[in-house]
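The structure under discussion appears below in the form of C-alpha coordinates.
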Amino acid sequence: MKFILIACSLVAFFSCSKEDIKAAETTNNNSIYVASIAISGSDITTGTTTQLVPTILPSDAASNLVSWTSSDNNIATVSSTALVTALKNGTVTITATATDKNTVQGTKTITISSFTVEETYNYTVSNAAELLAALSKVKAGETIFLKGGTYAMNTKITLSTSGTLGNEITILGQMQGTRAKLDFSAMPESSSNQGIIVAGNYIHIKAIDIYKAGDNGIEVKGNNNTIEFCSFSECSDTGLQIDNGASNNTILNCDSYFNADSTLENADGFACKLSAGTGNKFIGCRAWQNLDDGWDGYLRGTDNITTTYTNCWAIKNGYLKDGTKGAGDGNGFKTGGSDDKLLKHNAVYKNCIAAGNVADGFDHNSNRGNVEIYNCAAYSNGNNYNFSSSNPLAKLTIKNSSAIGAYGSLKANILDVTNNGWQNGIVTDTSDFESIDISLLIQARKADGSLPDVTFMKLKSTSDLIDKGVVIDGIPYLGAAPDIGAFELK
(Lines give C-alpha, C1' and ligand atoms only; values in the text may rest on other atoms or scores of the structure.)
Protein backbone atom coordinates (compact mmCIF):
# COMPACT_ATOMS: atom_id res chain seq x y z
CA MET A 1 0.00 0.00 0.00
CA LYS A 2 1.35 3.40 -0.99
CA PHE A 3 1.15 6.50 1.25
CA ILE A 4 2.08 10.13 0.60
CA LEU A 5 3.72 11.96 3.49
CA ILE A 6 2.73 15.59 3.84
CA ALA A 7 4.98 17.97 5.76
CA CYS A 8 2.85 20.65 7.40
CA SER A 9 3.21 23.08 10.29
CA LEU A 10 2.18 22.41 13.91
CA VAL A 11 -1.41 23.13 12.91
CA ALA A 12 -1.33 20.67 10.02
CA PHE A 13 -3.94 18.58 11.76
CA PHE A 14 -6.38 21.31 10.94
CA SER A 15 -5.00 22.98 7.79
CA CYS A 16 -2.40 22.77 5.09
CA SER A 17 -1.30 24.56 1.97
CA LYS A 18 -2.96 24.20 -1.43
CA GLU A 19 0.04 22.19 -2.55
CA ASP A 20 -0.42 19.79 0.39
CA ILE A 21 -4.11 19.31 -0.46
CA LYS A 22 -3.28 18.71 -4.10
CA ALA A 23 -0.70 16.12 -3.10
CA ALA A 24 -3.23 14.40 -0.89
CA GLU A 25 -5.76 14.37 -3.68
CA THR A 26 -3.32 12.65 -6.02
CA THR A 27 -2.95 9.69 -3.68
CA ASN A 28 -3.47 6.51 -5.69
CA ASN A 29 -6.64 4.41 -5.50
CA ASN A 30 -5.14 2.04 -2.92
CA SER A 31 -4.99 4.78 -0.24
CA ILE A 32 -6.96 4.53 2.98
CA TYR A 33 -9.58 7.25 2.96
CA VAL A 34 -11.23 9.00 5.91
CA ALA A 35 -14.34 7.09 7.02
CA SER A 36 -15.65 9.33 9.80
CA ILE A 37 -14.97 12.61 11.59
CA ALA A 38 -16.06 13.20 15.20
CA ILE A 39 -15.70 16.72 16.61
CA SER A 40 -15.31 17.62 20.26
CA GLY A 41 -15.62 21.09 21.72
CA SER A 42 -17.70 23.15 24.10
CA ASP A 43 -20.44 25.75 23.86
CA ILE A 44 -19.38 29.37 24.35
CA THR A 45 -20.87 30.52 27.65
CA THR A 46 -18.04 32.90 28.55
CA GLY A 47 -15.63 34.76 26.30
CA THR A 48 -15.86 34.56 22.52
CA THR A 49 -13.87 31.52 21.37
CA THR A 50 -13.77 27.75 21.62
CA GLN A 51 -11.28 25.31 20.12
CA LEU A 52 -12.66 22.30 18.29
CA VAL A 53 -10.74 19.05 17.93
CA PRO A 54 -11.53 16.48 15.24
CA THR A 55 -11.05 12.75 15.68
CA ILE A 56 -10.49 11.10 12.32
CA LEU A 57 -11.04 7.42 11.67
CA PRO A 58 -9.39 5.27 10.62
CA SER A 59 -6.34 6.59 12.40
CA ASP A 60 -4.08 5.38 9.56
CA ALA A 61 -5.95 7.30 6.86
CA ALA A 62 -3.55 8.53 4.22
CA SER A 63 -4.63 12.14 4.79
CA ASN A 64 -6.02 13.64 7.98
CA LEU A 65 -6.62 17.04 6.43
CA VAL A 66 -10.02 18.74 6.84
CA SER A 67 -11.60 22.03 5.83
CA TRP A 68 -13.93 23.96 8.15
CA THR A 69 -17.14 25.91 7.57
CA SER A 70 -19.75 27.65 9.74
CA SER A 71 -23.47 27.47 9.01
CA ASP A 72 -23.84 31.18 9.85
CA ASN A 73 -20.83 33.52 9.73
CA ASN A 74 -22.97 36.26 11.26
CA ILE A 75 -23.15 34.29 14.50
CA ALA A 76 -19.69 32.66 14.53
CA THR A 77 -16.77 32.03 12.21
CA VAL A 78 -14.36 29.12 12.19
CA SER A 79 -10.70 29.31 11.21
CA SER A 80 -8.62 26.79 9.32
CA THR A 81 -7.29 25.67 12.70
CA ALA A 82 -10.82 24.96 14.02
CA LEU A 83 -10.95 27.95 16.31
CA VAL A 84 -14.56 29.15 16.58
CA THR A 85 -15.01 32.89 17.17
CA ALA A 86 -18.43 34.06 18.34
CA LEU A 87 -19.95 37.31 17.10
CA LYS A 88 -23.30 37.18 18.89
CA ASN A 89 -25.59 34.85 20.80
CA GLY A 90 -27.14 32.03 18.80
CA THR A 91 -26.53 28.52 17.52
CA VAL A 92 -24.33 27.46 14.62
CA THR A 93 -23.31 24.16 13.11
CA ILE A 94 -19.61 23.76 12.37
CA THR A 95 -18.77 21.26 9.62
CA ALA A 96 -15.46 19.54 9.01
CA THR A 97 -14.98 18.02 5.55
CA ALA A 98 -12.24 15.52 4.75
CA THR A 99 -10.16 16.80 1.83
CA ASP A 100 -9.08 13.40 0.53
CA LYS A 101 -12.39 12.77 -1.27
CA ASN A 102 -14.38 15.77 -0.01
CA THR A 103 -17.33 13.57 0.86
CA VAL A 104 -16.94 12.56 4.52
CA GLN A 105 -18.11 15.18 7.00
CA GLY A 106 -18.50 15.65 10.73
CA THR A 107 -20.59 18.31 12.45
CA LYS A 108 -20.70 20.00 15.82
CA THR A 109 -23.46 22.33 17.00
CA ILE A 110 -22.22 25.22 19.14
CA THR A 111 -24.55 27.34 21.27
CA ILE A 112 -23.33 30.85 22.12
CA SER A 113 -24.75 32.63 25.16
CA SER A 114 -21.82 34.75 26.35
CA PHE A 115 -23.02 38.12 25.07
CA THR A 116 -25.02 40.28 27.46
CA VAL A 117 -28.40 41.09 25.99
CA GLU A 118 -30.47 43.93 27.33
CA GLU A 119 -34.04 42.73 26.99
CA THR A 120 -36.58 45.34 26.03
CA TYR A 121 -40.30 44.72 26.12
CA ASN A 122 -43.23 46.77 24.93
CA TYR A 123 -45.03 46.25 28.24
CA THR A 124 -43.77 45.12 31.64
CA VAL A 125 -46.44 44.28 34.22
CA SER A 126 -46.52 43.12 37.82
CA ASN A 127 -50.21 42.79 38.72
CA ALA A 128 -53.57 41.87 37.22
CA ALA A 129 -54.67 45.43 36.43
CA GLU A 130 -51.44 46.19 34.56
CA LEU A 131 -51.71 42.91 32.69
CA LEU A 132 -55.28 43.55 31.54
CA ALA A 133 -54.35 47.09 30.47
CA ALA A 134 -51.41 45.83 28.42
CA LEU A 135 -53.52 43.11 26.80
CA SER A 136 -56.02 45.74 25.65
CA LYS A 137 -53.26 47.56 23.72
CA VAL A 138 -50.81 44.90 22.54
CA LYS A 139 -50.31 44.52 18.77
CA ALA A 140 -48.64 42.06 16.41
CA GLY A 141 -44.89 41.86 17.00
CA GLU A 142 -45.12 43.16 20.58
CA THR A 143 -44.27 41.49 23.91
CA ILE A 144 -45.86 41.70 27.33
CA PHE A 145 -43.45 40.64 30.10
CA LEU A 146 -44.91 39.43 33.40
CA LYS A 147 -42.71 39.87 36.44
CA GLY A 148 -42.73 37.01 38.90
CA GLY A 149 -45.44 36.81 41.55
CA THR A 150 -49.12 36.00 42.01
CA TYR A 151 -51.67 37.80 39.84
CA ALA A 152 -55.10 37.74 41.52
CA MET A 153 -57.51 37.40 38.59
CA ASN A 154 -61.22 38.25 38.92
CA THR A 155 -62.14 37.82 35.27
CA LYS A 156 -61.14 35.57 32.40
CA ILE A 157 -58.78 36.80 29.73
CA THR A 158 -59.85 36.68 26.08
CA LEU A 159 -57.04 37.13 23.56
CA SER A 160 -58.74 38.12 20.31
CA THR A 161 -56.04 40.30 18.72
CA SER A 162 -53.83 38.27 16.38
CA GLY A 163 -50.18 38.37 15.56
CA THR A 164 -48.87 37.38 12.16
CA LEU A 165 -46.31 34.89 10.89
CA GLY A 166 -42.93 36.20 12.06
CA ASN A 167 -44.61 38.87 14.22
CA GLU A 168 -46.34 37.00 17.01
CA ILE A 169 -47.92 38.56 20.05
CA THR A 170 -45.80 37.28 22.93
CA ILE A 171 -46.94 36.98 26.54
CA LEU A 172 -43.83 36.02 28.48
CA GLY A 173 -43.35 35.18 32.13
CA GLN A 174 -40.15 35.39 34.12
CA MET A 175 -38.04 32.33 33.27
CA GLN A 176 -35.72 32.39 36.29
CA GLY A 177 -36.70 32.67 39.94
CA THR A 178 -40.33 33.26 40.90
CA ARG A 179 -42.70 32.63 38.01
CA ALA A 180 -45.84 34.56 37.13
CA LYS A 181 -48.86 32.72 38.56
CA LEU A 182 -52.34 33.71 37.35
CA ASP A 183 -54.63 32.78 40.26
CA PHE A 184 -58.27 32.48 39.16
CA SER A 185 -59.51 30.98 42.44
CA ALA A 186 -61.82 33.97 43.03
CA MET A 187 -63.93 32.77 40.10
CA PRO A 188 -66.36 29.91 40.79
CA GLU A 189 -66.66 26.74 38.77
CA SER A 190 -68.63 27.54 35.61
CA SER A 191 -68.51 26.57 31.95
CA SER A 192 -67.93 30.28 31.15
CA ASN A 193 -65.07 30.80 33.61
CA GLN A 194 -62.02 29.77 31.60
CA GLY A 195 -58.73 31.30 32.67
CA ILE A 196 -57.52 32.37 29.21
CA ILE A 197 -59.28 32.01 25.87
CA VAL A 198 -56.84 32.18 22.96
CA ALA A 199 -59.18 33.25 20.18
CA GLY A 200 -56.57 34.99 18.02
CA ASN A 201 -53.81 33.57 15.84
CA TYR A 202 -50.01 33.65 16.14
CA ILE A 203 -49.97 34.20 19.89
CA HIS A 204 -47.09 32.83 21.97
CA ILE A 205 -47.64 32.34 25.71
CA LYS A 206 -44.58 31.21 27.65
CA ALA A 207 -43.52 30.54 31.27
CA ILE A 208 -46.83 31.30 33.01
CA ASP A 209 -48.68 29.18 35.60
CA ILE A 210 -52.49 29.00 35.43
CA TYR A 211 -54.14 28.06 38.73
CA LYS A 212 -57.70 27.19 39.76
CA ALA A 213 -59.60 28.41 36.73
CA GLY A 214 -63.37 27.81 36.99
CA ASP A 215 -63.25 25.87 33.71
CA ASN A 216 -60.29 25.29 31.34
CA GLY A 217 -57.01 26.84 32.34
CA ILE A 218 -56.49 27.79 28.69
CA GLU A 219 -58.96 27.19 25.88
CA VAL A 220 -57.39 27.50 22.42
CA LYS A 221 -59.80 28.54 19.66
CA GLY A 222 -57.37 30.16 17.21
CA ASN A 223 -54.72 28.87 14.83
CA ASN A 224 -50.91 28.75 14.72
CA ASN A 225 -50.50 29.58 18.40
CA THR A 226 -47.75 28.34 20.72
CA ILE A 227 -48.24 27.63 24.42
CA GLU A 228 -44.83 26.90 25.94
CA PHE A 229 -43.45 26.03 29.40
CA CYS A 230 -46.77 26.75 31.09
CA SER A 231 -48.62 24.81 33.79
CA PHE A 232 -52.31 24.29 34.47
CA SER A 233 -53.27 23.00 37.90
CA GLU A 234 -56.39 22.49 40.03
CA CYS A 235 -58.70 23.85 37.33
CA SER A 236 -62.36 22.84 37.29
CA ASP A 237 -62.12 21.41 33.79
CA THR A 238 -59.34 20.36 31.42
CA GLY A 239 -56.08 22.20 32.00
CA LEU A 240 -55.61 23.09 28.33
CA GLN A 241 -58.24 22.37 25.69
CA ILE A 242 -58.12 22.86 21.91
CA ASP A 243 -61.51 23.13 20.14
CA ASN A 244 -63.66 25.41 17.93
CA GLY A 245 -61.81 24.44 14.74
CA ALA A 246 -58.43 25.47 16.16
CA SER A 247 -55.62 24.10 13.99
CA ASN A 248 -51.84 23.96 13.76
CA ASN A 249 -51.27 24.93 17.39
CA THR A 250 -48.18 23.77 19.29
CA ILE A 251 -48.30 22.92 22.98
CA LEU A 252 -44.66 22.67 24.05
CA ASN A 253 -43.14 21.58 27.37
CA CYS A 254 -46.29 22.18 29.40
CA ASP A 255 -47.56 20.43 32.56
CA SER A 256 -51.20 19.83 33.54
CA TYR A 257 -52.05 18.25 36.88
CA PHE A 258 -54.54 17.95 39.74
CA ASN A 259 -57.42 19.20 37.58
CA ALA A 260 -60.84 18.04 38.83
CA ASP A 261 -64.43 19.09 38.17
CA SER A 262 -67.49 18.62 40.35
CA THR A 263 -69.23 16.55 37.65
CA LEU A 264 -66.40 14.01 37.97
CA GLU A 265 -66.19 13.64 34.20
CA ASN A 266 -64.52 16.42 32.22
CA ALA A 267 -61.26 17.45 33.87
CA ASP A 268 -58.45 16.09 31.70
CA GLY A 269 -54.87 17.20 31.63
CA PHE A 270 -54.96 18.16 27.95
CA ALA A 271 -57.64 17.78 25.31
CA CYS A 272 -57.73 18.23 21.56
CA LYS A 273 -61.36 17.34 21.20
CA LEU A 274 -64.97 18.13 20.29
CA SER A 275 -64.73 20.59 17.35
CA ALA A 276 -60.93 20.84 17.19
CA GLY A 277 -59.20 21.34 13.85
CA THR A 278 -56.27 19.38 12.49
CA GLY A 279 -52.49 19.71 12.71
CA ASN A 280 -52.24 20.36 16.46
CA LYS A 281 -49.09 19.14 18.22
CA PHE A 282 -48.17 18.28 21.80
CA ILE A 283 -44.42 18.12 22.40
CA GLY A 284 -42.65 17.39 25.70
CA CYS A 285 -45.84 17.74 27.75
CA ARG A 286 -46.83 15.92 30.96
CA ALA A 287 -50.25 15.20 32.45
CA TRP A 288 -50.58 13.66 35.89
CA GLN A 289 -53.26 12.95 38.50
CA ASN A 290 -56.08 14.55 36.55
CA LEU A 291 -59.54 13.33 37.51
CA ASP A 292 -60.44 12.10 34.04
CA ASP A 293 -57.79 11.44 31.36
CA GLY A 294 -54.28 12.65 30.72
CA TRP A 295 -55.18 13.46 27.08
CA ASP A 296 -58.70 13.29 25.64
CA GLY A 297 -59.35 13.16 21.88
CA TYR A 298 -63.14 12.75 21.96
CA LEU A 299 -64.80 14.37 18.92
CA ARG A 300 -68.14 16.03 18.37
CA GLY A 301 -68.64 18.31 15.39
CA THR A 302 -65.45 17.52 13.46
CA ASP A 303 -64.07 14.46 11.70
CA ASN A 304 -60.89 13.03 10.21
CA ILE A 305 -58.42 15.31 11.98
CA THR A 306 -54.84 14.42 12.91
CA THR A 307 -53.07 15.23 16.19
CA THR A 308 -49.45 14.37 17.02
CA TYR A 309 -47.85 13.68 20.39
CA THR A 310 -44.07 13.61 20.81
CA ASN A 311 -42.17 12.92 24.05
CA CYS A 312 -45.35 13.26 26.12
CA TRP A 313 -45.88 11.53 29.49
CA ALA A 314 -49.25 10.53 30.99
CA ILE A 315 -48.89 9.62 34.67
CA LYS A 316 -51.39 8.32 37.25
CA ASN A 317 -54.46 9.90 35.69
CA GLY A 318 -57.69 8.91 37.41
CA TYR A 319 -56.11 9.61 40.79
CA LEU A 320 -56.77 12.85 42.65
CA LYS A 321 -54.31 15.30 44.21
CA ASP A 322 -54.50 13.44 47.54
CA GLY A 323 -53.65 10.16 45.83
CA THR A 324 -57.10 8.60 46.09
CA LYS A 325 -58.86 7.17 43.06
CA GLY A 326 -61.40 9.53 41.50
CA ALA A 327 -64.57 8.85 39.56
CA GLY A 328 -63.22 9.80 36.12
CA ASP A 329 -62.15 7.47 33.32
CA GLY A 330 -58.46 7.45 34.22
CA ASN A 331 -56.88 6.85 30.81
CA GLY A 332 -53.43 8.08 29.89
CA PHE A 333 -53.92 8.84 26.18
CA LYS A 334 -57.53 8.60 24.98
CA THR A 335 -57.03 8.61 21.22
CA GLY A 336 -60.57 9.54 20.17
CA GLY A 337 -64.22 8.54 20.36
CA SER A 338 -67.52 10.18 19.48
CA ASP A 339 -71.21 10.04 20.34
CA ASP A 340 -72.08 8.10 17.20
CA LYS A 341 -68.85 6.03 17.35
CA LEU A 342 -68.11 6.89 13.72
CA LEU A 343 -65.69 9.82 13.84
CA LYS A 344 -62.01 9.52 13.01
CA HIS A 345 -59.33 11.13 15.17
CA ASN A 346 -56.04 10.12 13.59
CA ALA A 347 -53.25 10.19 16.15
CA VAL A 348 -49.48 9.76 15.99
CA TYR A 349 -47.52 9.04 19.18
CA LYS A 350 -43.71 9.11 19.24
CA ASN A 351 -41.55 8.41 22.31
CA CYS A 352 -44.51 8.76 24.68
CA ILE A 353 -44.94 7.13 28.11
CA ALA A 354 -48.13 6.00 29.87
CA ALA A 355 -47.49 4.91 33.45
CA GLY A 356 -49.67 4.20 36.47
CA ASN A 357 -52.97 5.31 34.93
CA VAL A 358 -56.13 3.82 36.44
CA ALA A 359 -57.53 2.57 33.12
CA ASP A 360 -55.76 2.33 29.76
CA GLY A 361 -52.33 3.68 28.96
CA PHE A 362 -53.24 4.07 25.26
CA ASP A 363 -57.00 3.92 24.74
CA HIS A 364 -59.25 3.23 21.74
CA ASN A 365 -62.67 4.51 22.91
CA SER A 366 -64.32 3.62 19.56
CA ASN A 367 -62.03 5.89 17.56
CA ARG A 368 -62.53 5.01 13.88
CA GLY A 369 -59.39 6.66 12.51
CA ASN A 370 -55.73 5.64 12.15
CA VAL A 371 -53.50 5.44 15.22
CA GLU A 372 -49.72 5.16 14.98
CA ILE A 373 -47.58 4.40 18.04
CA TYR A 374 -43.79 4.46 17.68
CA ASN A 375 -41.13 3.98 20.36
CA CYS A 376 -43.60 4.34 23.21
CA ALA A 377 -43.67 2.67 26.62
CA ALA A 378 -46.43 1.55 28.97
CA TYR A 379 -46.22 0.35 32.57
CA SER A 380 -48.61 -0.33 35.42
CA ASN A 381 -51.78 0.84 33.69
CA GLY A 382 -55.14 -0.90 33.98
CA ASN A 383 -54.45 -2.00 30.39
CA ASN A 384 -51.25 -0.93 28.76
CA TYR A 385 -52.69 -0.76 25.23
CA ASN A 386 -56.42 -1.22 24.65
CA PHE A 387 -57.78 -1.18 21.08
CA SER A 388 -60.88 -3.33 20.71
CA SER A 389 -62.74 -4.98 17.85
CA SER A 390 -65.93 -3.04 18.64
CA ASN A 391 -66.15 0.04 16.41
CA PRO A 392 -62.56 -0.68 15.41
CA LEU A 393 -59.86 1.65 14.18
CA ALA A 394 -59.34 1.83 10.44
CA LYS A 395 -55.68 1.03 11.07
CA LEU A 396 -53.45 0.48 14.11
CA THR A 397 -49.68 0.72 13.72
CA ILE A 398 -47.39 -0.05 16.67
CA LYS A 399 -43.63 -0.38 16.27
CA ASN A 400 -40.60 -0.29 18.57
CA SER A 401 -42.83 0.01 21.64
CA SER A 402 -42.68 -1.75 24.98
CA ALA A 403 -44.91 -2.77 27.85
CA ILE A 404 -44.01 -4.24 31.21
CA GLY A 405 -46.56 -6.95 31.83
CA ALA A 406 -49.39 -7.78 29.42
CA TYR A 407 -49.41 -5.48 26.42
CA GLY A 408 -53.24 -5.59 26.13
CA SER A 409 -55.70 -5.74 23.24
CA LEU A 410 -54.59 -4.81 19.73
CA LYS A 411 -57.50 -4.88 17.26
CA ALA A 412 -58.25 -2.86 14.12
CA ASN A 413 -59.45 -3.33 10.57
CA ILE A 414 -55.79 -3.23 9.51
CA LEU A 415 -52.96 -4.12 11.89
CA ASP A 416 -49.29 -3.26 11.38
CA VAL A 417 -47.74 -4.30 14.67
CA THR A 418 -44.06 -5.32 14.48
CA ASN A 419 -40.76 -5.16 16.36
CA ASN A 420 -42.25 -4.52 19.77
CA GLY A 421 -41.15 -5.67 23.20
CA TRP A 422 -43.56 -8.62 23.20
CA GLN A 423 -42.65 -9.96 19.73
CA ASN A 424 -39.86 -11.93 18.06
CA GLY A 425 -39.13 -13.89 21.21
CA ILE A 426 -38.39 -10.76 23.27
CA VAL A 427 -39.57 -10.60 26.87
CA THR A 428 -39.83 -7.14 28.44
CA ASP A 429 -39.61 -7.01 32.23
CA THR A 430 -38.23 -4.82 34.99
CA SER A 431 -34.71 -6.18 34.50
CA ASP A 432 -34.46 -4.31 31.21
CA PHE A 433 -34.61 -0.89 32.87
CA GLU A 434 -32.58 1.24 35.23
CA SER A 435 -35.71 2.17 37.20
CA ILE A 436 -39.48 1.71 37.23
CA ASP A 437 -40.09 4.43 39.83
CA ILE A 438 -43.03 6.36 38.36
CA SER A 439 -42.47 9.33 40.67
CA LEU A 440 -39.32 10.19 38.70
CA LEU A 441 -41.51 11.32 35.81
CA ILE A 442 -42.80 14.37 37.71
CA GLN A 443 -39.44 15.80 38.72
CA ALA A 444 -38.84 19.50 38.05
CA ARG A 445 -38.21 20.51 34.47
CA LYS A 446 -34.93 21.93 33.28
CA ALA A 447 -34.41 25.70 33.29
CA ASP A 448 -35.37 25.97 29.61
CA GLY A 449 -38.59 24.02 30.18
CA SER A 450 -37.48 20.74 28.66
CA LEU A 451 -38.25 17.41 30.30
CA PRO A 452 -36.04 16.20 33.17
CA ASP A 453 -33.49 13.48 32.57
CA VAL A 454 -34.87 10.36 34.24
CA THR A 455 -33.84 6.76 34.67
CA PHE A 456 -37.44 5.54 34.48
CA MET A 457 -37.62 2.90 31.74
CA LYS A 458 -34.16 3.84 30.51
CA LEU A 459 -32.56 0.72 29.10
CA LYS A 460 -29.72 -1.06 30.82
CA SER A 461 -26.79 -1.96 28.61
CA THR A 462 -27.73 -5.65 29.11
CA SER A 463 -31.31 -5.28 27.84
CA ASP A 464 -32.43 -7.43 24.91
CA LEU A 465 -34.51 -4.46 23.67
CA ILE A 466 -31.38 -2.79 22.29
CA ASP A 467 -31.13 -2.63 18.47
CA LYS A 468 -34.33 -4.66 18.04
CA GLY A 469 -36.47 -1.95 16.44
CA VAL A 470 -37.01 -0.74 12.90
CA VAL A 471 -36.18 2.67 11.46
CA ILE A 472 -39.00 5.22 11.83
CA ASP A 473 -38.86 8.53 9.99
CA GLY A 474 -38.13 11.40 12.36
CA ILE A 475 -36.88 9.28 15.27
CA PRO A 476 -33.07 9.25 15.58
CA TYR A 477 -31.23 6.21 16.87
CA LEU A 478 -27.78 4.97 17.77
CA GLY A 479 -26.21 1.63 17.00
CA ALA A 480 -27.15 -0.93 14.39
CA ALA A 481 -30.90 -0.32 14.69
CA PRO A 482 -33.35 1.59 16.90
CA ASP A 483 -33.94 0.38 20.43
CA ILE A 484 -37.39 -0.64 21.65
CA GLY A 485 -39.10 1.74 24.05
CA ALA A 486 -39.29 5.50 24.70
CA PHE A 487 -35.57 6.08 25.25
CA GLU A 488 -32.63 5.25 23.03
CA LEU A 489 -29.68 3.91 25.03
CA LYS A 490 -27.02 6.61 25.15
Query - Trp68/Ile39 under side chain to side chain contact (heavy atoms under 4.5 Å, CB included): CA gap, chis, key distance, verdict - result: CA-CA 11 Å; Trp68 295 89; Ile39 305 172; 3.9 Å; yes
Report task. Indicate whether the side chain of Ser42 and that of Thr50 have a donor and an acceptor atom separated by less than 3.5 Å. Result -> yes
Requested in this report: For the residue pair Asn317 and Asn290, confirm or rule out a side-chain donor-acceptor distance under 3.5 Å.
Outcome: yes
Query raised in the report: What is the minimum heavy-atom distance between Thr238 and Asn266, and which atoms define it?
Result: OG1-O, 3.0 Å
Query raised in the report: Any donor-acceptor pair under 3.5 Å linking the side chain of Asn259 with the backbone of Cys235?
Result: yes
Query raised in the report: So, the side chain of Thr302 versus the backbone of Ala276: is there a donor-acceptor pair under 3.5 Å, distance only?
Result: yes
Query - Least distance between heavy atoms, Ala140 atom then Ser162 atom - result: CB-O, 3.9 Å
Query raised in the report: Who passes side chain to side chain donor-acceptor pair (under 3.5 Å) against Lys139, sequence neighbours left out?
Result: Glu142
Query raised in the report: Which pairs, with at least one residue in residues 137-184 and sequence neighbours excluded, count as a ring-ring contact (aromatic ring centres under 6.0 Å, His included)?
Result: Tyr121-Phe145
Query raised in the report: Judged by modelled atom types alone, do Ser439 and Asp437 share a side-chain donor-acceptor pair under 3.5 Å?
Result: yes
**Report entry** Pairs satisfying ring-ring contact (aromatic ring centres under 6.0 Å, His included), at least one member in residues 212-233, at least two apart
**Finding:** none
Report task. Step by step, work out the side chain to side chain donor-acceptor pair (under 3.5 Å) result for Ser160 and Thr158. Result -> CA-CA 6 Å; Ser160 54; Thr158 300; over 6 Å; no
Query raised in the report: With no hydrogens and no angle check, do the side chains of Glu130 and Ser126 hold a donor and an acceptor under 3.5 Å apart?
Result: yes
Report summary line: Taken in chain and number order and not counting sequence neighbours, the residues that satisfy side chain to side chain donor-acceptor pair (under 3.5 Å) with Asn249 are Asn225, Asn280
Query - Worked verdict on Thr226 versus Glu168 for side chain to side chain contact (heavy atoms under 4.5 Å, CB included) - result: CA-CA 10 Å; Thr226 301; Glu168 294 179 316; 4.2 Å; yes
Query raised in the report: Given side chains that start at C-beta, do those of Pro188 and Asn193 come closer than 4.5 Å, heavy atoms only?
Result: yes
Query raised in the report: Taking all non-hydrogen atoms of both residues, which atom of Lys156 and which atom of Ser192 are closest, and how far apart?
Result: NZ-O, 3.2 Å
Requested in this report: Check the side chains of Ser79 and Thr81 for a donor-acceptor pair under 3.5 angstrom, ignoring hydrogens and angles.
Outcome: yes
Requested in this report: Taking Asp303 for its side chain and Lys344 for its backbone only, find out whether a donor-acceptor pair lies under 3.5 Å.
Outcome: yes
Query - is_close_aromatic(Tyr385, Tyr407), centroid dist under 6.0 Å - result: no
Query raised in the report: Quick check: does any side chain N or O of Ser70 sit under 3.5 Å from a backbone N or O of Thr77, one acting as donor and the other as acceptor?
Result: no
Query - Crowding at NZ, Lys281 (>12 non-hydrogen neighbours, <6.0 Å) - result: yes
Requested in this report: Start with the C-alpha gap between Ile404 and Met457, add the side-chain angles, then the distance that decides, and say whether side chain to side chain contact (heavy atoms under 4.5 Å, CB included) holds.
Outcome: CA-CA 10 Å; Ile404 299 177; Met457 293 191 83; 3.9 Å; yes
**Report entry** Donor-acceptor contact below 3.5 Å, side chain Gln194 vs main chain Ile196
**Finding:** no
Query raised in the report: Under 4.5 Å between any side-chain heavy atoms of Ile315 and Phe456, yes or no?
Result: no
Query - Qualifying residue for side chain to side chain donor-acceptor pair (under 3.5 Å) with Asp360, from Asn381, Asn384, Asn386, Thr335 - result: Asn386
Requested in this report: Identify the residue among Asp293, Asp292, Asp363 that makes a side chain to side chain donor-acceptor pair (under 3.5 Å) with Lys334.
Outcome: Asp293
**Report entry** Non-hydrogen atoms of Arg179 and Gln174 that approach each other most closely
**Finding:** CG-O, 3.8 Å
Requested in this report: Give a yes or no answer on whether the side chain of Asn420 reaches the backbone of Ile398 with a donor-acceptor pair at less than 3.5 Å.
Outcome: yes
Query raised in the report: Quick one: does Arg286's side chain have a donor or acceptor within less than 3.5 Å of a partner on Tyr257's backbone?
Result: no
Query raised in the report: Mind checking whether Phe362 and Phe333 have parallel, tilted or perpendicular rings, split at 30° and 60°?
Result: parallel
**Report entry** Any donor-acceptor pair under 3.5 Å from Ser380 side chain to Gly356 backbone
**Finding:** no
**Report entry** Exercise: do Ser231 and Asp255 side chains pair donor with acceptor under 3.5 Å
**Finding:** no
Query raised in the report: Where the side chain of Arg300 meets the backbone of Asp339, is there a donor-acceptor pair that is under 3.5 Å apart?
Result: no
Query raised in the report: Taking only residues two or more places apart in sequence or in another chain, which ones pass side chain to side chain donor-acceptor pair (under 3.5 Å) with Tyr374?
Result: Glu372
**Report entry** Aromatic plane relationship, Phe258 with Trp288 - under 30° parallel, 30 to 60° tilted, over 60° perpendicular
**Finding:** perpendicular
Query raised in the report: Do the side chain of Asn365 and the main chain of Gly336 share a donor and acceptor less than 3.5 angstrom apart?
Result: yes
Report summary line: Sequence neighbours excluded, the answer for side chain to side chain donor-acceptor pair (under 3.5 Å) partners of Asn400 is Asn375
